[in-house]
Amino acid sequence: MKTTADPIINGLNEPQREAALHIQGPVLILAGAGSGKTRALTHRIAHLMHEGVQPWQILAVTFTNRAATEMKERITNLLHITDGTDMDFKTGQGRLPVMGTFHSVCVRILRRDIERLGRDRSFVIYDRDDQEKLMKQVLKDLHIDEKELKPRAALSYVGRFKSEAVSPKEAAHDATTPHMQLVIRAYERYQGALKESNALDFDDLILETVRLFHECPEVLERYQETWRYLHVDEYQDTNHAQYLMISLLAQKYRNLCVIGDPDQSIYAFRGADIRNILQFEKEYPEALRIKLEQNYRSTQLVLSAANAVIAANPSRPEKEMWSDRKEGPQILVQEVEDEKKEAADAIKEAENLRREGVPFNDQVILYRTNAQSRLFEEACMRAGIPYRIVGGVKFYARKEVKDVLAYLHAILNPGDTLSLLRIINVPARKIGDTTMGHLQAYAAEQKLTLWETLLRIREIPNVQEGAKNRITEFTAVLQRLQEVAQRQVVAALTTDLLHAVDMEKWLRDETEEGENRWQNVQELLSVMHKYSALEPMLSLTSFLEEVALVSEVDKLSTMRDDALTLMTLHLCKGLEFEHVMIAGCEEGIFPHSNTMYDKEQLEEERRLMYVGMTRAKTHLRIFFARSRMLWGNTQANAPSRFLDDLPDNVTERRSDDILSAFAWGATKAMHTRSGGKIEPFRQKETLPEVEFNQDLSFTVDTEVNQDAFSDGSRVEHAAFGQGTVLSKRGDVVDVRFDSGVRKSFALSIAPLRPL
């Protein structure tokens, strides 16, 4: 083992050093916000390599491309400093470990081995837009009216099932209502349609990898022997399918290092299961637990406030963040008249700090729902300050960009029916609905793919000669481009494509909007040039994979223009700003009204508040309004319960209402004399606070007959409807509702009724 004189270990604090040096056996690193977890992880990997572990024996899995890239750069620099090794992570050549997102790692595995499952390795990856179009067609084929089941709702159910690694056949066992039976039919047909198009969605990338490991043990053993040292970043965000994948890989050598923070688990709606990190030590009893509690980002005032908020959550691993930055401004809690005043004051605060030297791009406004963004955007425009909305219309979701990508998907995989349907009239070829109806009828009758049908266009009756000629020209262009793809990198291939279909003339159409569309296509070409050093087909597949897996948050760190950032709280994790403003901190807004009757969801809302607060380096401002118009209704809600937990000694409370300010001052004075807790000013018409798991329409009987809630029994909940008890542990029951939602409840307080 290396001594502390090793430059790789020097500069680490004691817990980080322990994490880097303990390289055999399972390790759980509880890393608080801003505690240098990336540093600990990268130094650990660099130390493994310096100790003689081969790079190809190490795997590091992240949740964003940005995090993976940062790790590669840091390890490259570390090893160059210590022994002069020239590590070029862009070309790889086996000199760096595999480091990437779950999806990118799974793509790597499936491109090599998916044929073992009877699938074609030239599969395409469907993004959210592709999935919605496919599901819409599925519902149409099944004659399911969108009034009964909307495509987005169906995909939400499917995503939930897949994150739990539940197949259509397994899901059918719990489909106890007509509505859920429709969902299962859609799920089964959707999976069939994906297979017919040789396509996978994001969740399939994980599931097919798990299936590959289960069905082909020799493949699993090969990867177990290859990746003997496993690292998982943000482990609290893993879902059940991801947990299965990592568990299978770690089964043989048990050298699994997971790093994360249960206090930052905020993605349950995506299927993230906090139990994966909370129960890690039960699965690996020999695991070493390390806590990273020193924060290198925020002032102690920010941390004291955030610690106080998160401390109210029960059953969390004990952890207290601290910082050497003892001085700083107090946390400002600002009461405003309404949502318009909130937006105006937030923009004014941003301008004031910019004059003091804090650029706009180091400031952010966070809100709970996208619906809140409009007023901040309007306030920015009125003030004439630049802004960006993260999570708005994404570059890769623009129509002209999607059209070019669909061409490339069809060139790579002609079996991709969805892409063919998208481009068959791009540019316009006068191939109408009647012709498409004849094609689809012929394809169904002959059991052909759309591409096979297009190639046999001359055999299809009832299609006019002109349409046949245009389809023949279309297939000839694609066939020629498929040959070009074998010898030209993706940028050259796309240039040829744009010329072949005269895309420029079709897009530009002599308007400013058309010029912008063409410029977006040119920007897409500039992205492709990154892959010009690769082999032609690898260039194409690598580019399409990056496009499919990229996220808006990944791109945020590359933006250099001085613009104020507006984003939801769910998107801000992993980021940091000098000045953070959190808007809409009222009951029913944040915490969200949908979480009011569920203890677990309220705990997650509190974690979301903690995440938002700990993005701040120095300045933290929290807004709440006495009244607010949202979703067409004016509400007068109580201040968020989270504000009640903020310590007096680190907060300053302001109000634009004289009476409210006076009430706060009087309450603060009373608090000083009595030692009691400050209650923020509340309007007479505000709603009463709702406690955990209370349903105001129910009278909860505290004498619960717990015998009525055995495994498999049917129950009803006021908010979630009917469901089945999966398990019971003491006072707590796990219930899967007929809607697909799975929840845990304490019987002594939950409004559950046995059926």
Open item on the list: Run Val611 and Leu569 through side chain to side chain contact (heavy atoms under 4.5 Å, CB included) and show every step you take.
Closed with: CA-CA 8 Å; Val611 167; Leu569 283 142; over 6 Å; no
- [ ] Test Lys162 against Asp201 for side chain to side chain contact (heavy atoms under 4.5 Å, CB included), laying out the working first.
- [x] CA-CA 10 Å; Lys162 289 186 177 184; Asp201 64 19; 2.8 Å; yes
Task: Arg44 vs His231, side chain to side chain contact (heavy atoms under 4.5 Å, CB included): CA-CA, chis, key distance, verdict - done: CA-CA 10 Å; Arg44 173 186 167 84; His231 303 78; 3.0 Å; yes
Task: side chain to side chain contact (heavy atoms under 4.5 Å, CB included) between Phe577 and Lys617, intermediate numbers included - done: CA-CA 6 Å; Phe577 299 87; Lys617 298 178 185 177; over 6 Å; no
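When all heavy atoms are compared, the tightest approach of Tyr267 to His570 is OH-O, 2.7 Å. For the pair Ile347 and Ile385, the tightest heavy-atom approach, listed with the atom from each and the gap, is CG2-CD1, 3.7 Å. Considering every non-hydrogen atom in both Ala68 and Gly100, the closest pair reads CB-CA, 3.8 Å. The two atoms that bring Ala40 and Gln16 nearest to each other are CB-CG, 4.1 Å, heavy atoms only. Heavy-atom minimum distance, Val302 versus Ala616: CG1-O, 3.9 Å. Of all the heavy atoms in Leu566 and Tyr387, the pair that sits closest is CD1-CD1, 4.0 Å.
Rounding to the nearest 0.5 angstrom, the gap separating the OG1 atom in Thr565 from the CE atom in Met581 is 10.0 Å. The line from OG1 of Thr42 to NZ of Lys72 is 14.0 Å long, rounded to the nearest 0.5 Å. Between the OG1 atom of Thr651 and the CD1 atom of Ile622 there is a distance of 9.0 Å, given to the nearest 0.5 Å. Residue Phe590 holds its CZ atom at 9.5 Å from CG of Leu643, rounded to the nearest 0.5 Å. Between the NZ atom in Lys573 and the OG1 atom in Thr614 there is a gap of 10.0 Å [rounded to 0.5 Å]. The distance from the CG atom of Leu28 to the CG atom of Leu278 is 9.5 Å, given to the nearest 0.5 Å.
In this structure, the side chains of Pro591 and Ser640 come closer than 4.5 Å at one or more pairs of heavy atoms. Lys319 has its side chain within reach of Arg316: a pair of non-hydrogen atoms, C-beta onward, lies under 4.5 Å apart. Two residues are said to be in side-chain contact when any heavy atoms from C-beta on lie closer than 4.5 Å; Gln242 and Val232 fail this criterion. Put simply, the side chain of His619 reaches to within 4.5 Å of the side chain of Glu578, judged on heavy atoms. Residues Ile589 and Tyr367 form no side-chain contact, since every pair of their non-hydrogen atoms from C-beta on lies 4.5 Å or further apart. Using a 4.5 Å heavy-atom threshold, the side chains of Tyr235 and Ile259 count as separate. Taking 4.5 Å as the limit, every side-chain heavy atom of Val580 sits out of range of all side-chain heavy atoms of Met613. By the 4.5 Å heavy-atom criterion applied to side chains, Tyr243 and Arg275 are not counted as neighbours.
Residues passing the salt bridge (Lys or Arg N to Asp or Glu O under 4.0 Å) test with Arg615: none are found, sequence neighbours excluded. For Phe102, the ring-ring contact (aromatic ring centres under 6.0 Å, His included) partners are Phe63, not counting sequence neighbours. Under the side chain to side chain donor-acceptor pair (under 3.5 Å) criterion, Glu14 pairs with Arg17, not counting sequence neighbours.
Salt bridge present: Asp656 and Arg626 bring a charged side-chain N and a carboxylate O closer than 4.0 Å. Look at Lys37 and Asp261 and you find no salt bridge, because none of the NZ, NE, NH1 or NH2 atoms lies under 4.0 Å from a carboxylate O. Salt bridge Lys291/Glu318: absent, no basic N to carboxylate O contact under 4.0 Å. For the pair Glu351 and Arg354, the salt-bridge criterion is not met [side-chain N within less than 4.0 Å of a carboxylate O]. Note on Lys599 versus Glu603: salt bridge recorded, some NZ/NE/NH1/NH2 to OD/OE distance being below 4.0 Å. Classification of Arg152 and Glu132 as a salt-bridged pair holds, one side-chain N sitting under 4.0 Å from a carboxylate O.
Each of His592, Arg368, Arg641 was scored for a side chain to side chain donor-acceptor pair (under 3.5 Å) with Glu605, with one residue passing: Arg368. When the options Ile389, Leu366, Asn370 are evaluated for a side-chain contact (heavy atoms from CB on, under 4.5 Å) with Met567, the one that passes is Leu366.
There is no side-chain donor-acceptor pair under 3.5 Å between Thr299 and Arg325. Side chain to side chain, Glu234 and Gln236 meet the donor-acceptor criterion of an N or O pair below 3.5 Å. Between the side chains of His579 and Arg621, at least one donor N or O lies within less than 3.5 Å of an accepting N or O. No hydrogens or angles considered: nothing links the side chains of Tyr610 and Gln264 as a donor-acceptor pair under 3.5 Å.
Proximity of a side-chain donor or acceptor of Asn276 to a complementary backbone N or O of Thr238 within less than 3.5 Å is detected. The main-chain N or O of Asn361 is found under 3.5 Å from a side-chain atom of Asp562 such that the two form a donor-acceptor pair. With hydrogens and angles disregarded, a donor-acceptor distance shorter than 3.5 Å links the side chain of Gln330 to the backbone of Asn649. Remark: the backbone N or O of Val358 is not paired with any side-chain donor or acceptor of Asp362 at under 3.5 angstrom. Side chain of Ser163 to main chain of Arg160: a donor-acceptor pair is present (N/O by atom type, distance under 3.5 Å, no hydrogens or angles). Checked by atom type and distance alone, the side chain of Asn295 never pairs as donor or acceptor with a backbone atom of Ser323 at under 3.5 Å. Remark: side-chain polar atoms of Asn307 are paired, donor with acceptor, to backbone N or O of Met321 under 3.5 angstrom. The closest donor-acceptor contact from the side chain of Gln363 to the backbone of Ala350 lies under 3.5 Å. In terms of modelled atom types and a separation under 3.5 Å, the side chain of Glu587 and the main chain of Asn637 share no donor-acceptor contact.
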